[in-house]
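The analysis underlying the following values was restricted to heavy atoms, covering all of them including side chains, and did not include hydrogens, waters or symmetry mates. Predicted model only: the values in this text are computed from it and were never measured.
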Amino acid sequence: MSRLDVGTGSEADRRVVGGRNWILGVLTSIYLVNFIDRQILAILLPQVKAEFDLSDTYLGLLVGPTFALFYATMGLPLALLADRVNRRRLIAASLALFSLMTIACGLVLQFWQLVIARILTGVGEAGTGPASQTMITDLFPAERRGRAQAIYATGANLGVLVAFAAGGFIAQAWGWRAAFIAAGLPGLVLTVVLLVTVRDPQRGAHDRIVVADPAPPFSKVMLQLWRSRAFRWTTLGACSTCFTAYSLGSFFPMFLARSHGLSTAEIGMVMALIMGVCGGLATYAAGHFADRLGRSEPRWYSWVPAIAAALPLPLAPICFLVGDTGIAIAAAIIPLSLTAAFIGPTITIIQRLVPVRSRATAVATLILIDNIIGLGLGPQFVGIASDLWRPALGEDSLRYAMLAATMGSVVSVFGFVMAARHVRGDIAIREASAAAAPNG
C-alpha cells in the first residue's frame, strides 16, 4: 500500500516538535548566506567596474545572466534529485560549493575568472532552494505553511541586510576582494551545523500520507503544471515581480552612488535598513496575512502578492526622477521592501497544486522561469538601457532605465489577479486526484 494514514495534524506536530523550529532556523540561515553571496556583488559593482574598466552592459551581464542562467537551469535537475534523495545532504553539498566559489570571487585576477566563479556560485545555490522549501512544507501543517515559508523567505532580506551593511563597510575599508572572502566563510560553518544537527523530515507527514511510491517522471510533472491555469498565471506574476525586484536590487546601489553621490558605506546602510529590516518585516507580513486570510479563501495567496506588486507603482517615478536624496530614498522604501513579499504565498500555493513527491520539481520550475526572466533579463535590461540612453541622458540614463524596469510590476499584478481566478478550482482538482490516486 503506497499511502498510509499518519493520523491527525496534532499527532504529526508532536513527532516533529522540538526539532521543527530549529530546522526552519537552520534552513533560513542557509538562505540568508545564499543571499549574502548572491547580492553582495551589487554593493561592490562600483569597485569592480573601476578595477576591470567595465561598461554598465558588462555589469548587468555579471550580475544577471552569468549567475541566473546556471542558477536557474541547474535548479531543475537538482530539484528532481531532491524529490528522490536525502535533501539534507544535497543542501549541504550545494552550500559548501557556493560558499567556496564566493571566496574564489575574492581571489580572481581577471574578469573572466570572476565570471566563472559567479557561474559556479549560481550552480551551488541552485541546490538549496527547492529542497529547503519542500522540507519546510513537510515540517508544518497547511494552515501554517505561508508563515513558515515567509520566515524562510526573510532570509533573503536578512542576507541583503548583511551583504549591504557589512559588505559596504568591508569594501570601503579593505576592498571588494575582502568582502567576497568574508561573505563566503559563514556558509562553510553552516554546512557543518546542517550535517550535525538536522534530519530530513518525513515527506507528506502533514498531508496525512506517507508516500512510498517513487517520484513521478519529469514529463508527468510538467504536464500537471501545464494543465494548471493557476500555476501558469502565478508563474507570470512571480517572474514579472522578479524582473523588477532584481533590476532594483542590483542597480539601486549604483544609482545612489551615481545620481546622489553616496559613499559605499552610506549606500550599504541605506540598502540594509530598507531591504533588510523593512523588507524582512514586509516579507513575513505577506506570509502571515496570506495564511490568516487564506484559511477560508485560498485566493488570498494570489491577492496578497498582487497587492505587494501594485503598491510600489505610484512611488517609482518619485524615487527615480527627483533630485533630492532624502525624498528619493523615502520613496524607495515601499518598492524595495516588497521585493520578496511574493515568495511565501507563492511557494505555498504552488506546492498545493502538485503531488507530494513533485513539490521540489514544481518549485524549481517556478524558480527556473523566475530567474531566467527576473535575474537573467532584469539587470541586463537595465545595463543595456542605461548604456543606450547615455548619449542623450548622460549620467541620468540609469534613472530612466530603472524606472522602465518597474513596469514589470504592472504585468505582475495582472498575473496574480488572473491566478486568483483559478486557484480554488485547481486546488480542488488536485485534492480530488490525491484522494483517488495511490501516489498522493
Side-chain angles (χ1 to χ4, degrees), residues 2-3 69-87 90-91 94 123 125-139 142 145 149 200-239 242 298 301-302 342-343 345-374 415 419 422-440:
S2 58
R3 289 201 310 158
L69 293 180
F70 288 87
Y71 172 72
T73 55
M74 287 302 298
L76 202 49
L78 289 171
L80 286 167
L81 195 61
D83 278 329
R84 291 159 171 81
V85 302
N86 185 285
R87 292 169 289 187
L90 176 62
I91 293 169
S94 302
V123 172
E125 292 190 10
T128 62
S132 297
Q133 287 158 333
T134 57
M135 284 178 67
I136 292 168
T137 295
D138 290 334
L139 289 168
R145 287 174 186 164
Q149 294 288 357
D200 196 348
Q202 175 183 297
R203 297 178 193 263
H206 286 281
D207 297 278
R208 302 186 180 184
I209 57 173
V210 175
V211 181
D213 286 350
F218 176 71
S219 58
K220 183 176 181 180
V221 179
M222 291 300 102
L223 182 60
Q224 290 170 334
L225 294 177
W226 176 250
R227 287 175 175 171
S228 171
R229 290 173 293 181
F231 178 85
R232 298 202 301 265
W233 286 114
T234 297
T235 300
L236 175 64
C239 72
C242 286
Y301 286 98
S302 298
F342 75 100
I343 296 177
T346 298
I347 295 298
T348 300
I349 206 67
I350 288 298
Q351 294 193 53
R352 292 188 67 180
L353 298 174
V354 295
V356 172
R357 292 299 291 264
S358 302
R359 286 172 174 167
T361 305
V363 171
T365 302
L366 177 69
I367 291 175
L368 170 67
I369 300 170
D370 284 357
N371 283 280
I372 288 177
I373 301 299
H422 304 289
V423 160
R424 285 195 297 187
D426 285 6
I427 290 176
I429 292 171
R430 164 66 200 124
E431 291 177 347
S433 175
N439 193 37

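Checked against side chain to side chain contact (heavy atoms under 4.5 Å, CB included), Ala230 has the following partners two or more places apart in sequence or in another chain: Ser228, Leu353, His422, Val423, Asp426. Thr361 pairs by the side chain to side chain donor-acceptor pair (under 3.5 Å) definition with Asp83, not counting sequence neighbours. For Thr348, the side chain to side chain contact (heavy atoms under 4.5 Å, CB included) partners are Arg145, Gln149, Tyr301, not counting sequence neighbours. In this structure Arg227 satisfies the side chain to side chain contact (heavy atoms under 4.5 Å, CB included) test together with Leu223, sequence neighbours excluded. Remark: Arg232 engages no residue in a side chain to side chain donor-acceptor pair (under 3.5 Å) (not counting sequence neighbours). With sequence neighbours excluded, the residues forming a side chain to side chain contact (heavy atoms under 4.5 Å, CB included) with Ala82 are Arg87, Leu90, Ala131, Ala360, listed by chain and number. Residues forming a side chain to side chain donor-acceptor pair (under 3.5 Å) with Glu125 (at least two apart in sequence, or on another chain): Arg38.
To the nearest 0.5 Å, the span separating CD1 on Ile349 from CG on Leu366 amounts to 12.0 Å.
Pairing each heavy atom of Ser302 with each of Ala419, the nearest pair is OG-CB, 3.9 Å. Annotation for Ala362 and Phe231: closest pair O-CE1, 4.1 Å, computed over non-hydrogen atoms. The two residues Leu78 and Val123 come nearest to each other via the heavy atoms CD1-O, 3.9 Å.
Screening Asn371, Ile372, Ile369 for a side chain to side chain contact (heavy atoms under 4.5 Å, CB included) with Cys239, the sole residue that qualifies is Ile369.
Residues Val354 and Ile350 have side chains not in contact (no heavy-atom distance under 4.5 Å, counting atoms from C-beta outward).
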